[in-house]
Amino acid sequence: MINKVINNVQEALEGVEDGMTFMLGGFGLCGIPENSIAELVRRKVKNLTCISNNAGVDDFGLGLLLHQRQIKKMISSYVGENDEFERQMLSGELEVELIPQGTLAERCRAAGAGIPAFFTPAGYGTEVAEGKETREFDGKMYVLEKAFKPDFAFVKAWKGDTAGNLIFKGTARNFNPMMAMAGKITVAEVEELVPAGELDPNQIHVPGIFVQRIFEGKDYEKRIEQRTVRPKN
Amino acid sequence: MINKVINNVQEALEGVEDGMTFMLGGFGLCGIPENSIAELVRRKVKNLTCISNNAGVDDFGLGLLLHQRQIKKMISSYVGENDEFERQMLSGELEVELIPQGTLAERCRAAGAGIPAFFTPAGYGTEVAEGKETREFDGKMYVLEKAFKPDFAFVKAWKGDTAGNLIFKGTARNFNPMMAMAGKITVAEVEELVPAGELDPNQIHVPGIFVQRIFEGKDYEKRIEQRTVRPKN
Amino acid sequence: MALDKIGIAKRIAQELHDGWYVNLGIGIPTLVANYVPEGMQVEFQSENGILGMGPFPFDGEEDADLINAGKQTVTLLDGASLFDSAMSFAMIRGQHVQLTVLGAMEVAENGDIANWKIPGKMVKGMGGAMDLVASAENIIVAMMHTNKRGESKILKKCSLPLTGVGCVKKIVTNLAVLEVVPEGFKLIERAPGVSVEEIQNATEGTLIVEGEIPEMKID
Amino acid sequence: MALDKIGIAKRIAQELHDGWYVNLGIGIPTLVANYVPEGMQVEFQSENGILGMGPFPFDGEEDADLINAGKQTVTLLDGASLFDSAMSFAMIRGQHVQLTVLGAMEVAENGDIANWKIPGKMVKGMGGAMDLVASAENIIVAMMHTNKRGESKILKKCSLPLTGVGCVKKIVTNLAVLEVVPEGFKLIERAPGVSVEEIQNATEGTLIVEGEIPEMKID
């Protein structure tokens, strides 16, 4: 097997530079690459374009990069719950491109799957379709959407092996698999890194071919945005 | 949970009619819906269009339908190893459309994913691209390919639950997942049917939403086409 | 008396069908899950990657790795499945989800819906709404009939940027159940004690009233 | 002396790079797996859904549910993964597989390849070949320099229906290693004991011979 193990997050992020385009997995704060984000903050790379479904909260996730004004442009489907984001966006410091969530997911998969463009009905007749080719198939209208081209993808998995294979847990999967497919260099941080052969080959969510660098992350906070519970009786 | 269990293969195939378009999972004879094929043979439905990566062998798999001349048209990527197929094709009795294997897989997925068309580089400059739109993206040429529209999809999984969730084993997965996604009615036969809740939700290959009917198949022959082994020493 | 949010959710629950997969938006739609008719098999999809979503977890059993599209901690029912976002929207775009219930700022009589953007205000994004409305075979809008300023949200034409065109089939508000038909909004039911005149006054779009309009039955 | 199939496979194995994912076609290409240089990390992809394919199983341990693209029973190495056909071709189309080795009936000096169809004969289909050649960044064609009738398969222009256009970069035959360059086929190496003249005579396309042409080193 091809060994993808990197010693630590510092090595894993070697080559990140100002002005690059990154994909970052996660939905809300669920399944985000916490270690990689912390290292991006430490490195202070700036003028970044970040493709991520959400933009974190003020003091966690991508909010940490926003706070240091490292992000030039966000490409997301939903960016609520973030005051600093709002301030930067309204002041024009931050460029924001909003994309329907399914289109975002499919543009990531397309990037990884060598499909330069595809038709989707999402956004037809709305400002999302402005300037884009539209076409009718079987009486319904569709919009032509294109694959992304990120320099790096940062993803977070539950378990991974030395060959780069990844397994996710719960809804922490979300955008991570297709972003892993899309990255020119994909950096995967995992909660538990195991030797090749320990994971069931039938149950791999992301085959190691898509992962260039893997490391075991630490100190996962896994913050919950909306703790909703029922009383135990 | 929505219960998808059907008592037997006879009930599972209710509604199949002459002239319909079917998808049938499998690669070679690996992972083919043996029980559904047997029932199609018994029902003698004819003038079928069958979308399947291969066409079986003379006395197994889709070869059984060919033998009874139930198939009007085959849509496949590779149809070797089948004398009756060859005879019918060369005599003009059987219409054959050959499609690159990756395009076949993606046209199945597209059908299930509500994507009417996508661009792929496969087949550009060859007769496969004749009459199709081609377009350049970033200096490379691509062909526009369209989603299939099958009436039924017949797939075979290793384990399934009453909610229609499917898990595959080994390379018996192949085309089954995306065909399951594509079927207007998807019939899944499984080696082992278990109650909802027994399969790990993290490890479902095909979520039950794509499966309309599920049943536990029997008498799986699982024929091997090319038995290649090393001597034990 | 006009319905409250729970009343709207209860009325929408009556629109569920056995065997349907349903995506519920944030807000009133989420409440619909609490009123599924006894014995009916319905599965809830959450677009961040769940089929077979269950109720909130018991206090202390919440899992940061298991949330719904509203980022709330949830549970799974037996037979649930988890998947990635591309698969989730394959289900939605591919019309495998039979019903989408979502809120709106405006609905127009041609079925247009606006629910994601108010020019000049902070825009949070459309999330999965554009994919949902562009693909769902059945869309029910759950909302108040009028906005906070008392202006109708049921319009001849949407004034806000659209989320989807010609897609809304049915609307359940605090005042009425409406169907979107070629001629306009067809009044199907009135909230208990609410008159046709009150509904007419709260509706800017073309309201079609044919015969006696029954009251909703909500328990 | 011209190489046999094993010789061709051994020579192609010298083209492997550490860390490469490789797809081997049916026939001679399959043999390449047996000659991976010691200590080199290479993973073999089989387009029916395997990464990390191992050797044939021991007699009696074969599994009908575990075959390669040639429908042969195989095994998995530690760290292997299994996936569906859409995912498999996502890898191929998305250029995650670094090298494709496949056979051909004809190769033209512009890099065109024909390997799937002979008009008038039974056509078995292109399988995954068109996806592979359209996407691979490195394609090595493994074949005999001439066909059974002694005619060159290394041509100015393909006469058979194409599998892909302008995609072949390198050819390893029983006689030579050739690189496809803008001007034609550049002769890189000769099979042991085979002269440049023999290669020239067996090559219909433009052969470019610059300086001394070394012999292949095959052990």
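Every chain is numbered from 1 and lettered A, B, ... according to where its sequence line falls, protein lines coming before strand lines.
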From [X] [atom1] over to [Y] [atom2], what is the distance, rounded to the nearest 0.5 angstrom?
| X | Y | atom1 | atom2 | value |
| --- | --- | --- | --- | --- |
| Met122(C) | Asp83(A) | CE | CG | 9.0 Å |
| Gln101(A) | Asn48(C) | CD | CG | 7.5 Å |
| Gln226(A) | Ile26(C) | CD | CD1 | 8.5 Å |
| Lys124(C) | Ser77(A) | NZ | OG | 13.5 Å |
| Met130(C) | Thr120(A) | CE | OG1 | 11.5 Å |
| Ser88(C) | Phe27(A) | OG | CZ | 9.0 Å |

Taking [options] one by one, which has the highest count of heavy-atom pairs under 4.5 Å against chain C?
| options | value |
| --- | --- |
| Ala129(A), Pro100(A), Gly125(A) | Pro100(A) |
| Arg109(A), Arg223(A), Lys169(A) | Lys169(A) |
| Asn82(A), Leu90(A), Thr126(A) | Thr126(A) |

Shortest non-hydrogen contact from [X] to [Y]?
| X | Y | answer |
| --- | --- | --- |
| Ala134(C) | Pro121(A) | CB-O, 3.4 Å |
| Asp131(C) | Ala122(A) | OD1-CB, 3.3 Å |
| Leu98(A) | Trp116(C) | CD1-CZ3, 3.9 Å |

Count the heavy atoms of every other residue, nucleotide or ligand shown that sit under 6.0 Å from [atom1] of [X], and state whether that count exceeds 12.
| X | atom1 | value |
| --- | --- | --- |
| Lys157(C) | NZ | no |
| Lys132(A) | NZ | yes |
| Asp18(C) | CG | yes |
| Lys186(C) | NZ | no |

What part of [X] gets closer than 4.5 Å to chain C, counting heavy atoms only: side chain, backbone, both or neither?
| X | result |
| --- | --- |
| Pro177(A) | side chain |
| Tyr142(A) | neither |
| Leu104(A) | neither |
| Glu97(A) | neither |
| Thr103(A) | both |
| Asn54(A) | side chain |

Look at Ser135(C), Ala86(C), Gly127(C) and state which one has the largest set of heavy-atom pairs under 4.5 Å with chain A.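 The residue among Ser135(C), Ala86(C), Gly127(C) with the greatest pair count is Gly127(C).
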
When heavy-atom pairs shorter than 4.5 Å are enumerated against chain A, which of Leu76(C), Val133(C), Val123(C) gives the highest number? Val123(C)

So, Ser85(C) side chain and Asn174(A) main chain: donor-acceptor pair closer than 3.5 Å or not?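 Yes, the answer is positive, given that a donor and an acceptor are paired below the 3.5 Å cut-off.
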
Test your reading of the model: is there a side-chain donor-acceptor pair from Arg173(A) to the backbone of Gly49(C), 3.5 Å cut-off? no

Contact list (residues 59-74 of chain C to chain A, heavy-atom gap under 4.5 Å, by number) returns Asp59(C), Glu61(C), Glu62(C), Asp63(C), Ala64(C), Asp65(C), Leu66(C), Ile67(C), Asn68(C), Ala69(C), Gly70(C), Lys71(C), Gln72(C), Thr73(C)

Which portion of Thr163(C) sits near chain A, non-hydrogen atoms under 4.5 angstrom: backbone

If you define the side chain from C-beta out and look only at heavy atoms, does anything of [X] sit under 4.5 Å from [Y]?
| X | Y | result |
| --- | --- | --- |
| Arg93(C) | Glu106(A) | yes |
| Met126(C) | Val128(A) | yes |
| Phe175(A) | Asp84(C) | no |

Kindly indicate whether a cation-pi arrangement holds for Arg230(A) with Phe56(C), taking the cut-offs as under 6.0 Å to the six-membered ring centre and within 45° of the axis. no

Are any of the side-chain nitrogens in Glu127(A) or Lys117(C) under 4.0 Å away from the carboxylate oxygens of its partner? yes

Residues forming a side chain to side chain contact (heavy atoms under 4.5 Å, CB included) with Ala180(A), sequence neighbours excluded: Val155(A), Thr186(A), Val206(A)

